[in-house]
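Step one of this worksheet: look at the structure below.
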Amino acid sequence: MNILDELNPAQREAVEAVNGPVLILAGPGSGKTMVIAHRVAYLIKVCGVSPHRIMAVTFTNKAAREMEERLHRLVSSSVRELTLGTFHAICARILRNEGRAVGINPKFVIYDDEDQISLIKRSLKEVDLDPKQYAPRAIVSAISAAKSRMLPPKDYIEQGRSYFDEIVGRVYERYEQILTENSGLDFNDLLMKAVQLFRNKSDISSRYQARYLHLLVDEFQDTNLTQYELIKQLGGKYHNICVVGDPDQSIYSWRFADLRNILSFEKDYPEAKLVLLEQNYRSTKKILDTASYIIEANQQRKPKELWTNNELGELTTVVETYTEQEEAQFVVNEVERLVSEGKASLGDCAIMYRTNAQSRALEEAFVRYGTPYKLVAGTRFYERREIKDIIAYLRLIQNPHDSVSLMRIINVPGRGIGQQTQAKLSSWAKSMGVSQYEALPVMAKPEVKETAHQPFFNSRISQTLTDFGNLMEEFIAHSQELNLVDLFDLVVERSGYKNYILGGIEEEERWENILELRTVVQQYRDFKPQDGLTDFLEGVTLVSDVDRLDRSVDTVTLITLHQAKGLEFPVVFIVGMEDGILPHFKSFDDPAQMEEERRLCYVGVTRAKQRVYLVRAFRRNLMGSSTVSRPSRFLNDIPQHLIQGGGLWSGEESQITKAIYSWNEAPAPSLNNVALKAGDHVRHAQFGNGVVVSCQLVTDDSEVVVAFIGAGVKKLLLSFAYLEKVE
DNA sequence: CGAAAGGCTCTTTTT
DNA sequence: GAGCCTTTCG
């Protein structure tokens with residue numbers, strides 16, 4: 001088979017331009033992943049480049065895996081030698097191998113953002129600031145921003161202009177100290193330290209530059225400055241850098257992805273070849289049209305001409321429902337309808353939303369109707385308490401200096417080591433200049449043992465701490481010779497965690513989670529004991545939820561718009577098409593962010609091959625209270641000829657919206673004259689007679705639930721339902 | 001020390 | 001509505 005056979009001219013150009021830098025701007029569904037795969041295959045098979053000398057960076061681990069599979073089919077020879085993965089995974093590997101040269105403990109732990117938050121809280125307290133006054137999240141974000149620009153605390157403080165900067169500077173400084181003491185790296189560090197390594201160690205840098213003859217970067221629009229810097233360094237010798245991206249699909253600026261990288265690329269490599277992939281192979285004409293109208297309303301963008309030879313297809317369906325429950329119900333019904341009419345299978349359908357919280361109502365509806373679904377995130381698997389607890393044990397075994405993990409599990413399950421004791425342990429450790437683990441009685445350095453800690457702990461506490469220390473020592477000793485599965489079982493059993501879960505609340509579900517983690521562990525059974533642990537921990541920290549998505553099972557997919565990037569589905573529902581949700585209200589006051597919200601919507605629509613539904617609810621529960629909202633302004637940018645209405649949608653602002661807003665502007669005096677209570681008999685023009693089930697005051701209105709004879713149970717707004725009381 | 005209850009705040013997206 | 005923190009009581 002010829003590698004170039006199935007490519008169109010532009011794609012072929014992108015594959016064949018192997019010498020020098022290449023910038024590929026690729027629209028949605030234009031086959032960019034295929035182009036990357038074919039380019040790698042071409043390099044190996046036609047140009048005779050050793051896979052060992054190629055690095056391909058993907059956005060998720062899943063994308064990396066798929067790439068590997070594709071390549072396996074294209075080039076039968078081994079692709080194992082390829083460097084293939086996310087920036088974070090690749091950097092972690094580099095740092096494990098080379099970090100020693102810049103003082104990085106090769107057994108470093110990687111702290112995820114939850115760990116990061118707790119570290120920031122600790123840092124705040126340690127520099128005498130109140131975590132309540134200074135939101136840890138905001139500080140994490142400021143520090144991440146600094147790290148994305150590779151600013152160490154010292155420079156950050158020097159450049160600080162505001163009071164907040166100064167606060168952040170102080171915390172940042174302490175935070176870095178704690179990281180060092182713990183041999184811990186956060187996500188940003190993985191990238192930043194790798195760049196610093198190459199900057200400071202020219203021998204290592206030239207070794208890597210000499211090795212990587214070809215570099216490829218997917219989703220280039222979502223890289224940050226550090227990542228770009230890394231690519232420039234690695235490609236410093238050969239300049240064979242191929243980046244692929246789509247500015248219209250840039251949706252990670254909040255993670256400090258910087259679109260300017262695309263401009264910088266053109267500037268840094270003026271000789272770069274530009275290839276445009278504009279033919280869409282995924283969507284129908286009407287879907288592509290709808291998407292184009294949405295994205296074209298953005299001001300800050302270069303126009304591009306997307307086209308497709310696909311059929312015209314169906315109109316985009318816009319639907320309006322009353323509540324989020326009805327929204328969910330509509331989605332389930334519609335899915336069932338499509339399936340029963342043979343127009344789609346369950347696996348063809350994806351429901352996309354802006355915020356994770358929206359999945360709840362959807363899930364409930366799917367459960368109620370018994371329609372199989374899979375949720376991509378929700379509470380993320382690796383963020384579940386029991387999972388993080390067990391992982392903390394394993395982390396501590398690998399790196400006893402990791403005080404975040406230590407503090408997490410020292411009293412889980414309860415061992416009688418409470419806050420007081422932990423605080424004492426921590427301050428004692430600090431005064432002795434050792435890690436908390438070393439400060440445990442059994443671990444104390446011989447010269448300070450016994451005497452030094454005696455004043456602090458009574459004999460009972462001291463014994464408890466010793467027991468815990470001995471337990472960990474036992475684990476560490478076993479970790480030298482046991483395979484990971486046996487070590488895992490030992491930890492779960494001997495730590496008392498198993499008994500702690502069995503007998504606790506939600507025992508079944510939590511135990512199942514442990515067992516699911518165990519199946520992950522099994523993949524590392526045949527590794528050498530130490531390597532298994534290291535690789536497992538790294539994998540576990542750097543996986544994303546999308547990585548765990550299994551498309552082979554025929555169920556509906558519930559997924560956030562962000563996670564949906566790079567995927568495609570025959571049928572796509574986007575729910576929560578409301579101002580405040582999409583676009584999210586947090587973005588309202590920033591035009592740049594509003595454009596990103598629009599891109600997010602665009603990404604969602606362009607995932608679809610056959611059908612798109614845009615659904616909104618009039619009333620929705622947000623943080624406990626009921627809120628009314630207007631249709632997403634993005635809906636206004638889709639011309640009528642591409643839309644068909646469903647539900648209550650009538651084209652522009654719907655009947656409901658009009659009624660409510662006109663009422664809000666001029667409150668109807670009659671409202672308060674209608675006093676309804678549960679048990680009252682009422683009549684409705686359309687639904688007929690019924691009985692009031694409940695009556696509840698909501699923002700500016702009364703919400704009445706009525707059981708109608710024949711029409712069933714309805715939730716109505718008193719202000720426009722015009723219920724008539726029947727005696 | 002720890003379980004339970006009450007009160008508080010803040011809600012986006014994730015490698 | 002939930003998660004986090006504090007308070008209270010055994």
Side-chain angles (χ1 to χ4, degrees), chain A residues 57-64 85-92 110-114 116-118 121 125 130-133 135-138 140-141 144 147-148 185-191 219 222-224 226-227 250-257 352-361 376-377 379-380 382-383 385 411-423 458 460-461 464 504-505 538-547 559-565 576 580-588 590 593 596-597 599-601 603-604 620-627:
Chain A
V57 189
T58 57
F59 193 69
T60 62
N61 295 293
K62 179 164 170 283
T86 62
F87 272 109
H88 292 87
I90 289 173
C91 287
I110 303 169
Y111 287 132
D112 64 20
D113 46 344
E114 194 189 327
Q116 212 182 350
I117 295 268
S118 78
K121 283 184 189 161
K125 284 178 203 152
D130 182 5
K132 274 187 195 150
Q133 201 177 343
R137 286 196 168 280
V140 166
S141 174
S144 298
K147 288 192 174 185
S148 301
L185 299 182
D186 65 24
F187 281 144
N188 303 302
D189 285 336
L190 294 176
L191 310 171
E219 308 284 8
D222 285 321
T223 53
N224 65 28
T226 318
Q227 291 165 336
S250 150
I251 53 174
Y252 283 92
S253 72
W254 49 275
R255 229 170 62 189
F256 311 104
M352 303 180 183
Y353 37 83
R354 176 70 235 264
T355 69
N356 280 305
Q358 289 171 258
S359 67
R360 195 193 189 90
V376 179
T379 20
R380 291 190 262 293
Y382 288 106
E383 283 172 21
R385 207 176 4 151
N411 203 32
V412 180
R415 305 187 167 86
I417 305 174
Q419 283 185 355
Q420 298 283 328
T421 310
Q422 285 179 45
N458 65 38
R460 189 178 59 85
I461 300 283
T464 317
I505 45 163
E538 193 157 301
V540 142
T541 319
L542 298 177
V543 285
S544 67
D545 295 292
V546 193
D547 297 340
I559 192 169
T560 66
L561 287 162
H562 281 91
Q563 291 172 322
K565 191 179 73 162
I581 303 283
L582 184 66
H584 196 270
F585 65 87
K586 282 251 170 188
S587 304
F588 279 172
D590 181 346
Q593 277 195 61
E596 182 150 318
E597 296 287 318
R599 291 195 291 270
L600 203 46
C601 186
V603 166
R620 178 181 301 278
N621 284 320
L622 289 172
M623 348 167 205
S625 62
S626 184
T627 323

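Chain A is the first sequence line, chain B the second, and so forth, proteins listed ahead of strands; every chain is numbered from 1.
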Distance, rounded to the nearest Å, where A:Leu191 contributes CG and B:dT14 contributes P: 18 Å
For A:Tyr252, which contact category applies under a 4.0 Å heavy-atom criterion: base, sugar-phosphate, or nothing? sugar-phosphate
Check for a donor-acceptor pair, side chain of A:Gln227 on one end and backbone N or O of A:Asn224 on the other, with a separation under 3.5 Å. yes
With nearest nucleotides of DNA chain B determined for A:Glu596 and A:Gln422 from heavy-atom distances, which residue corresponds to the more 5′ nucleotide? A:Gln422
Mind calculating the distance between NZ (A:Lys586) and C1' (B:dC10) to the nearest angstrom? 8 Å
side-chain contact (heavy atoms from CB on, under 4.5 Å) partners of A:Thr355, counting only residues at least two apart: A:Ala357, A:Gln358, A:His584
At under 4.0 Å, does any side-chain N or O of A:Gln563 touch on OP1 or OP2 of B:dT14? yes
Nearest heavy atom decides the nucleotide; on that basis, is A:Arg415 or A:Glu597 closer to the 5' end of DNA chain B? A:Arg415
Tell me whether the side-chain N/O atoms of A:Asn356 come closer than 4.0 Å to OP1 or OP2 in B:dT14. yes
In terms of the angle between their ring planes, are A:Tyr252 and A:Trp254 parallel, tilted or perpendicular, with boundaries placed at 30° and 60°? tilted
So, does A:Arg360 get its side chain near the phosphate of C:dA2, meaning an N or O under 4.0 Å from OP1 or OP2? yes
For B:dT14, does OP1 or OP2 lie under 4.0 Å from any side-chain N or O of A:Thr560? yes
If we require ring centres under 5.5 Å and near-parallel planes under 30°, does A:Trp254 stack on B:dT13? yes
Who are the ring-ring contact (aromatic ring centres under 6.0 Å, His included) partners of A:Phe256, not counting sequence neighbours? none
Spacing between A:Phe585 atom CZ and B:dT13 atom C1', to the nearest angstrom: 13 Å
Between A:Glu596 and A:Ser253, is there a donor-acceptor pair closer than 3.5 Å when you use the side chain of the first and the backbone of the second? yes
Phosphate contact (B:dT15 OP1 or OP2) by A:Thr60 side-chain N/O below 4.0 Å: no
Using the C1' atom in both, what is the distance from C:dC4 to B:dT13, to the nearest Å? 22 Å
Distance check needed: B:dC10 C1' versus A:Leu622 CG, whole Å only. 12 Å
Looking for any heavy atom pair under 4.0 Å, which part of the strands does A:Thr541 touch: base, sugar-phosphate only, or nothing? nothing
Starting at atom CZ of A:Arg599, determine the distance to atom C1' of B:dT13, rounded to an integer number of angstrom. 13 Å
Which residues pass the ring-ring contact (aromatic ring centres under 6.0 Å, His included) test with A:Phe187, sequence neighbours left out? A:His88
Does A:Asp186 use its side chain to pair, donor to acceptor, with the backbone of A:Asp113 at less than 3.5 Å? no
Mind calculating the distance between NZ (A:Lys62) and P (B:dT14) to the nearest angstrom? 15 Å
Check salt bridge (Lys or Arg N to Asp or Glu O under 4.0 Å) between A:Arg620 and all other residues, then give those that pass, not counting sequence neighbours. A:Glu324, A:Glu327, A:Glu578
Could I get the full list of salt bridge (Lys or Arg N to Asp or Glu O under 4.0 Å) partners for A:Arg137, not counting sequence neighbours? none
Pick base, sugar-phosphate or nothing for A:Gln420, based on heavy-atom distances below 4.0 Å to the nucleic acid. sugar-phosphate
Identify all pairs in which a protein N or O lies below 3.5 Å from an N or O of nucleotides 5-10 of chain C, and state each distance.
{"from": "C:dC5", "atom 1": "OP1", "to": "A:Lys121", "atom 2": "NZ", "distance (Å)": "3.1"}

DNA chain B in dot-bracket, Watson-Crick or G-U pairs under 3.5 Å, [ ] crossing, | other strand? ||||||||||.....
What's the CD-P distance between A:Gln358 and B:dT13, to the nearest Å? 9 Å
Restricting to salt bridge (Lys or Arg N to Asp or Glu O under 4.0 Å), what partner residues turn up for A:Glu219, sequence neighbours left out? A:Lys32, A:Lys565
Under 4.0 Å: is that the gap between some side-chain N or O of A:Asn411 and OP1 or OP2 of B:dG2? yes
Nearest whole angstrom, please: distance from the P of B:dT15 to the CG of A:Asp112. 11 Å
Once side-chain contact (heavy atoms from CB on, under 4.5 Å) is applied, do any residues pair with A:Thr464, and if so which ones, sequence neighbours excluded? A:Arg415, A:Ile417
